There are 2 protein chains.
Amino acid sequence: MLLLSAARALVDGIDGRVRAAGFDDIRPAHGFAFARVSGAGATVTELAEHLEITKQAASQMAEELIRKGYLQRSPHPTDARARLLTLTEKGHACTRAADAAAVATLEPLGRALTGSQKQALRTALRQLATPGRIRPTW
Amino acid sequence: MLLLSAARALVDGIDGRVRAAGFDDIRPAHGFAFARVSGAGATVTELAEHLEITKQAASQMAEELIRKGYLQRSPHPTDARARLLTLTEKGHACTRAADAAAVATLEPLGRALTGSQKQALRTALRQLATPGRIRPTW
DNA sequence: ACTATTTAGTCAGGCAGCTTGACCAAATTT
DNA sequence: AAATTTGGTCAAGCTGCCTGACTAAATAGT
């Protein structure tokens, strides 16, 4: 229960700060999409695999984020079927805000724990976490 | 990310084991309902508050869990408007299975950590967790 | 080189789980 | 005893996901 509550508090904390920063038309789930698209970009199919949803659902989400100005589509450099999704400047600004929000949310925790406690925390979470399977969909 | 992944792994682990135990017609969200209903029981309104959803949604969920044999309705002892939701024997069996599933899922973690590491983990999670707001709905 | 299969993506329709709004009956307040 | 609040349901609608069917480009097989 503590673990679930902490996870929820983290998501709520980040979401609240991101919204407060002016990005109030997106949901936490979109953050997981941004994480995959940032960097070299991603195709709809790659996004779908990362989020563990169907291509159709990923396509809809991409459409929404494009419409809202966070993503853009460009022709894929090597595959004429595919189209590359990348962050717009607004998308980059939003991920920067999310990073800052995460830091701010975790800051009191960072101050409250000693170095060895942080280490123990990482160890425990890593022990439990399954690689991949990040996005909570329940 | 580690924290979210760990939370997801915990939920997936419990869900998988509960399903494997034969309770394959319910979702993790129902576990949070059982937690509130178990004990002295609860009304639809109390359930709604606990799950942070509307009364209508809680009513539907209760209806479903009654239909599937996990809950039962009885007249409320002191309020003729209200009806008390309680666990059936099947509901109790399911919560026992869920408890066992949680223990089994966390068992490797328990073996891997020293006492002081467990203590540090609790401290850290408690620091972050908001009282109430357990159910992850994002 | 030509056919067959796979892969990236979209269109269409449907469903589950939630919402808001309107309402009734019992309890509580004034 | 009238007015308000509270517990619960009915009805309708929305959203985010799903399955199924399809097109076009890439890749594999012969």
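Everything numeric in this text was worked out from a predicted model, so none of it was measured. Lettering follows sequence order; numbering is per chain, from 1.
To the nearest angstrom, C1' of C:dT10 lies 15 Å from CD1 of A:I53. Atom-to-atom, CZ of B:R73 to P of D:dG7 comes out at 16 Å; the value is rounded to the nearest Å. Per the geometry, NZ belonging to A:K55 stands 15 Å off C1' belonging to C:dA12, to the nearest Å. Separating the CZ atom of B:R83 from the P atom of C:dA27 is a distance of 14 Å, rounded to the nearest angstrom. Taking atom CZ of A:R81 as the reference point, atom P of C:dA8 lies 6 Å away to the nearest angstrom. As rounded to whole Å, 12 Å separates atom C1' of D:dG8 from atom CD of B:E63. Here D:dG7 presents its C1' atom at 13 Å from CG of B:L47, a figure rounded to the nearest Å. Atoms NE2 (A:H76) and C1' (D:dA24) sit 16 Å apart, rounded to a whole Å.
Taking 4.0 angstrom as the limit, B:T45 places none of its side-chain polar atoms (N or O) nearer than this to OP1 or OP2 of D:dT6. Not one side-chain nitrogen or oxygen of A:S59 sits closer than 4.0 Å to the OP1 or OP2 atom of C:dG9.
Both A:A58 and A:T78 lie near DNA chain D, and the one whose nearest nucleotide falls closer to the 5' end is A:A58. If B:Q56 and B:Q60 are placed on DNA chain C by their nearest nucleotide, the residue sitting closer to the 5' end is B:Q60.
Legend: residues meeting salt bridge (Lys or Arg N to Asp or Glu O under 4.0 Å) with A:R96, ordered by chain and number and at least two apart, are A:E89. Partners of A:Q56 under the side-chain contact (heavy atoms from CB on, under 4.5 Å) rule, at least two apart in sequence or in another chain, are A:T54.
Using a 4.0 Å heavy-atom criterion, one finds that B:A57 contacts the bases of the nucleic acid, with or without backbone contacts as well. Using a 4.0 Å heavy-atom cutoff across all strands shown, B:T54 reaches at least one base atom of the nucleic acid.
With values rounded to the nearest 0.5 angstrom, A:L125 atom CG is found 6.5 Å from B:L125 atom CG.
A:T105 and A:R17 share a side-chain donor-acceptor pair at under 3.5 Å.
For B:M61, whose side chain is taken as the heavy atoms from C-beta onward, the closest listed nucleotide among C:dC18, C:dA8, D:dG16 is C:dC18.
If you run side chain to side chain donor-acceptor pair (under 3.5 Å) between A:E64 and each of A:Q60, A:R67, A:K68, only A:K68 comes through.
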